[in-house]
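Right, one structure below, let's go through it.
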Number of protein chains: 2
Amino acid sequence: MLPIFHPVKQVGTLVDMASTRAEPLTLEVVELIGTVVARYHEEYEHAAAQHSLTGAQARVLSLLALEPLPMRRIAVSLRCEPSNVTGIVDRLEARGLVERRPDPADRRVKLAAPTEEGLATALRLRDALDFAREPLAGLSVAERTLLRDLLRRMLGEPAGS
Amino acid sequence: MLPIFHPVKQVGTLVDMASTRAEPLTLEVVELIGTVVARYHEEYEHAAAQHSLTGAQARVLSLLALEPLPMRRIAVSLRCEPSNVTGIVDRLEARGLVERRPDPADRRVKLAAPTEEGLATALRLRDALDFAREPLAGLSVAERTLLRDLLRRMLGEPAGS
DNA sequence: TATTGTTATACTCTATAACTATA
DNA sequence: TATAGTTATAGAGTATAACAATA
């Protein structure tokens, strides 16, 4: 697994409650997705913790590893209030993983950018996130293609290759 | 979507970083799973918020709706320290959604159980979690079966029906 | 002694509102 | 006037450590 995110812990509760709305197959798929979500978060939090980062800090650092961003844009990506980003970047900056630079085009803007050490940490973080990559290796190319198309359709995306 | 969980916000960052380890197909599946995870959490948090519950509170309430549990068991399910459960159950109890009962078999134990109102809230919460149920309806039975088997294999579970 | 639940403490994330400096 | 970022504040979740009651 690679992307982003936060805490998660438990699986399989509501699904078990008498449901009159969905048949067993659908419920089982829902349950499996719940398990995937749980696994995903555990992997992510664990990988972050290995670098003494919280989930939010790891998300921001990973985001900035792609490109430096204004504080505002970080908030949009994280879907949180801009005021929260101040603290998260403060902590990353205090650890020397991120720095704030002025934006030549707009003096109101501060661009958060990873330091060399921050970039290295982000790369190591990514390599630690093997949740999806490893289990996916057990599927053939045809199966992964199938899974991709099914997930795309489930997410309402175009199914094409 | 039904089960459990917590915050999540952003998708698709680390995946985009130059990866020398996985080919494009696998990375795309990983990205899609990240999107599923994000969607899952948004749905869950939104459903919880509709009942003025936090994600953690909704998780615990949903868990107890299946069966009353000792505080310790709740902590195990949530994968957090038992001391945290005290506060979460406190808040649910203050709202009249949960109550603490003695365990006749062991006087050290307190069983957390949903009140009638708590049970009703848990059921309404479940009904609000349509993330998986609804998009899954767009897949045929054969496709859902396929998705189920692929997810099972990805999670290292037996693939049988 | 070991276990259950709680309390006390400290840190992080979160949203809201008010503030500043720019635009 | 509007926007970017910050500060101040308060609530919630989290872990750690120490505690009382019970086993």
Side-chain angles (χ1 to χ4, degrees), chain A residues 4-10 41-42 44-46 48-49 51-61 68-95 97-113, chain B residues 4-10 41-42 44-46 48-49 51-61 63 68-95 98-113:
Chain A
I4 309 308
F5 310 140
H6 237 198
V8 162
K9 304 299 175 72
Q10 216 325 62
H41 277 262
E42 282 173 32
Y44 199 90
E45 290 290 316
H46 181 256
H51 297 280
S52 301
L53 294 170
T54 64
Q57 289 164 9
R59 287 204 294 284
V60 170
L61 185 58
L69 290 175
M71 305 298 280
R72 210 84 187 180
R73 291 273 304 279
I74 299 174
V76 171
S77 281
L78 260 56
R79 303 199 198 176
C80 70
E81 294 302 312
S83 60
N84 301 325
V85 178
T86 299
I88 297 170
V89 169
D90 278 352
R91 282 161 221 128
L92 288 170
E93 195 165 32
R95 290 187 45 190
L97 301 175
V98 159
E99 63 181 11
R100 274 179 252 231
R101 301 176 188 158
D103 181 340
D106 186 337
R107 277 161 46 194
R108 293 174 303 180
V109 172
K110 290 178 189 170
L111 291 171
Chain B
I4 308 310
F5 308 140
H6 236 198
V8 161
K9 303 300 176 69
Q10 217 322 64
H41 278 262
E42 281 174 32
Y44 199 89
E45 291 291 316
H46 181 255
H51 297 281
S52 300
L53 294 170
T54 64
Q57 288 164 9
R59 286 205 295 284
V60 170
L61 185 59
L63 194 61
L69 290 174
M71 305 297 280
R72 209 84 187 181
R73 291 274 304 280
I74 298 174
V76 171
S77 281
L78 260 57
R79 302 198 197 177
C80 71
E81 293 302 311
S83 59
N84 301 323
V85 178
T86 299
I88 297 170
V89 169
D90 278 352
R91 282 161 219 128
L92 288 170
E93 195 166 31
R95 290 188 45 190
V98 159
E99 63 182 10
R100 275 179 250 233
R101 302 174 187 159
D103 182 340
D106 186 338
R107 279 161 44 193
R108 291 175 303 182
V109 172
K110 290 178 188 171
L111 292 171

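Just so it is clear, the values below take in all heavy atoms, side chains as well, and ignore hydrogens, waters and symmetry mates. A note on names: the letters A, B, ... follow the listed sequences, proteins ahead of strands, and every chain is numbered from 1.
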Rounded distance in Å - CG (L111(A)) to P (dG5(D)): 8 Å

In terms of side-chain heavy atoms of I88(A), which of dT4(C), dC13(C), dT14(D) is nearest? dC13(C)

Using whole Å, what does the distance between atom C1' of nucleotide dA4(D) and atom CZ of R101(A) come to? 18 Å

Expressed as a whole number of angstroms, how long is the span from D90(A):CG to dC13(C):P? 11 Å

Note, L78(A) side chain near V60(A) side chain (heavy atom, < 4.5 Å): yes

How is R107(A) classified with respect to the nucleic acid when contacts are heavy atoms under 4.0 Å: base, sugar-phosphate, or nothing? sugar-phosphate

Distance check: side-chain N/O of K110(B) vs OP1/OP2 of dT6(C), anything under 4.0 Å? yes

Mind checking whether R100(B) and M71(B) have side chains closer than 4.5 Å, heavy atoms only? yes

Starting at CD of E81(A) and ending at C1' of dT12(C), how long is that distance when rounded to a whole Å? 17 Å

Specify the separation, in whole Å, of atom CE of M71(B) and atom C1' of dT22(D). 17 Å

Minimum heavy-atom separation for P82(A) and R72(A), please, with both atom names. CG-CZ, 3.7 Å

Could you give the CD1-to-P distance, from I74(B) to dT6(C), as a whole number of Å? 9 Å

Between dT3(D) (P) and D106(A) (CG): distance, integer Å: 12 Å

Under 4.0 Å, heavy atoms only, any strand: does R100(B) hit a base, just the sugar-phosphate, or nothing? sugar-phosphate

If you compare every side-chain N and O of T54(B) against the phosphate oxygens of dA12(D) (OP1, OP2), does one of them come in below 4.0 Å? no

Is any side-chain heavy atom of R95(B) less than 4.5 Å from a side-chain heavy atom of L53(B)? yes

What's D103(A) touching, base or sugar-phosphate or nothing? Going by heavy atoms closer than 4.0 Å. nothing

Atom CG of N84(B) and atom P of dA10(C): how far apart are they, to the nearest Å? 17 Å

Phosphate OP1/OP2 of dT16(D) contacted by S83(B) side-chain N/O (<4.0 Å): no

Closer than 4.0 Å, any side-chain N/O of R108(B) to the OP1 or OP2 of dA21(D)? no

How close do R101(B) and A113(B) get, heavy atom to heavy atom, and via which atoms? CZ-CB, 3.4 Å

Report the residue (P82(A) or Q57(A)) whose heavy-atom-nearest nucleotide on DNA chain C is the more 5′ of the two. Q57(A)

Identify which nucleotide among dT14(C), dA15(C), dA4(D) has an atom closest to any side-chain atom of A56(A), counting heavy atoms from C-beta outward. dT14(C)

